[in-house]
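Since the structure comes first, as structure tokens, the remarks are kept for the end.
The sequence lines fix the lettering, A, B, ..., with proteins before strands; numbering per chain opens at 1.
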Number of protein chains: 2
Amino acid sequence: MKNRIEYLKHYLKKYNIKPSTIRIKTLDYLLSNDIHPNVEEIYKKLIEDIPTLSKTSIYNTLELFVEKGLVQIVRIDDKDSKYDLNTDPHGHFICNICDKIYDFDIKDTKNIEKELEGCNIGSKNIYYYGICKKCNENL
Amino acid sequence: MKNRIEYLKHYLKKYNIKPSTIRIKTLDYLLSNDIHPNVEEIYKKLIEDIPTLSKTSIYNTLELFVEKGLVQIVRIDDKDSKYDLNTDPHGHFICNICDKIYDFDIKDTKNIEKELEGCNIGSKNIYYYGICKKCNENL
DNA sequence: CTAAATGCAAACGGTTTGCAATGCT
DNA sequence: AGCATTGCAAACCGTTTGCATTTAG
């Protein structure tokens, strides 16, 4: 456990983020759940440990994480924002039936980017919508 | 002018939408401005013609348009939704400096979609963020 | 006349803000 | 003590809702 916390602190440090209880636990949550949580979900989980927790702190923490490049915002629907650990660039497939969000690799985007010559590409978001394998099989 | 209106009515009919004043004028706006307007912008323009116009009607109209597949929602930032005439699939490049939104063709997405075998792809949204040509030149 | 379309005002809900309280070094 | 972090309550604002009014065939 001690090691885990040291690991999380080090992880934050890499992104130039000073560790704090909430930041460590938020990162822990993001690393332990390969999902794309929203503020509500993180809040519900963390308040089990930190009874005085406020949603504002989750917002603050995630805002900082985004700023420092540790996570990215995933805007899939208009309801709320989801947060995703920033790993290699990848796409998101959202199933219209079960609402699950799947990550998928983006091997080669050269074809797409042909049109963008002269532009300076900073980041990209690729969202696909449809019916996932599992739901397809149950139809 | 008569011809224009007939054209717009016909356009709506193709999407199985019964024509009405607001629907015709909203479509007219979308066709005449190659931008990605939000509700506010459409409202501001149309109220010049229709003094009793309410924003609710714009929301209703656009909701119907989305439902019928005439427009698609573009979610670029968390502030509001933008609306885009549904033409061929295309990507959006958003300039971080001038905030302009550029459409660009998506020639070939086979490379990307390799990972999605077994899934049923319904639609795709491809957003690129960076610095556009024009702003690049002025740096 | 009837159903659809429009308008108004209030509610909704995720997010932001300002500031007070708390914690850490 | 002094500065960063956290928490609370209210504000914010784009959007939705319920219902009354108007329009069109």
Could you tell me the separation between the [atom1] atom of [X] and the [atom2] atom of [N], rounded to a whole number of Å?
X	N	atom1	atom2	result
Lys79(B)	dG14(D)	NZ	C1'	12 Å
Tyr83(A)	dT15(C)	OH	C1'	8 Å
Lys82(B)	dT15(D)	NZ	C1'	14 Å
Lys55(A)	dA10(D)	NZ	P	16 Å
Ile22(A)	dA21(C)	CD1	P	18 Å
Leu46(A)	dT6(D)	CG	C1'	13 Å
Lys25(B)	dT6(C)	NZ	C1'	15 Å
Ile58(B)	dA5(C)	CD1	P	15 Å

Contacts of Thr21(B) and Asn38(B) projected onto DNA chain D by closest heavy atom; the upstream (5') one is Asn38(B)

Pick the closest DNA chain C nucleotide for Arg23(B) and for Asp80(A) by heavy atoms, then say which residue is nearer the 5' end.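 Whichever sits nearer the 5' end wins; that is Arg23(B).
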
Is [X] close enough to [N] that one of its side-chain N or O atoms is under 4.0 Å from OP1 or OP2 there?
X	N	answer
Tyr59(A)	dT16(C)	no
Ser81(B)	dT15(D)	yes
Ser57(A)	dG7(D)	yes
Ser20(A)	dT6(D)	yes

Counting only side-chain heavy atoms from C-beta out, which of [options] sits nearest to [X]?
X	options	value
Lys18(A)	dT6(D), dT5(D), dT15(C)	dT5(D)
Thr52(B)	dT15(C), dG7(C), dG7(D)	dG7(C)
Thr56(B)	dA9(C), dT6(D), dA5(C)	dA9(C)

Answer yes or no: is there a donor N or O on one side and an acceptor on the other, between the side chain of Asn16(A) and the main chain of Lys68(A), under 3.5 Å? no

Does Asp105(B) reach the main-chain N or O of Glu115(A) with its side chain, forming a donor-acceptor pair under 3.5 Å?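 No, Asp105(B) side chain to Glu115(A) backbone: no donor-acceptor pair under 3.5 Å.
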
With a 4.0 Å cut-off on N to O distance, would you call [X] and [Y] a salt bridge?
X	Y	result
Arg75(A)	Asp77(B)	no
Lys114(B)	Asp108(A)	no
Glu40(B)	Lys44(B)	yes

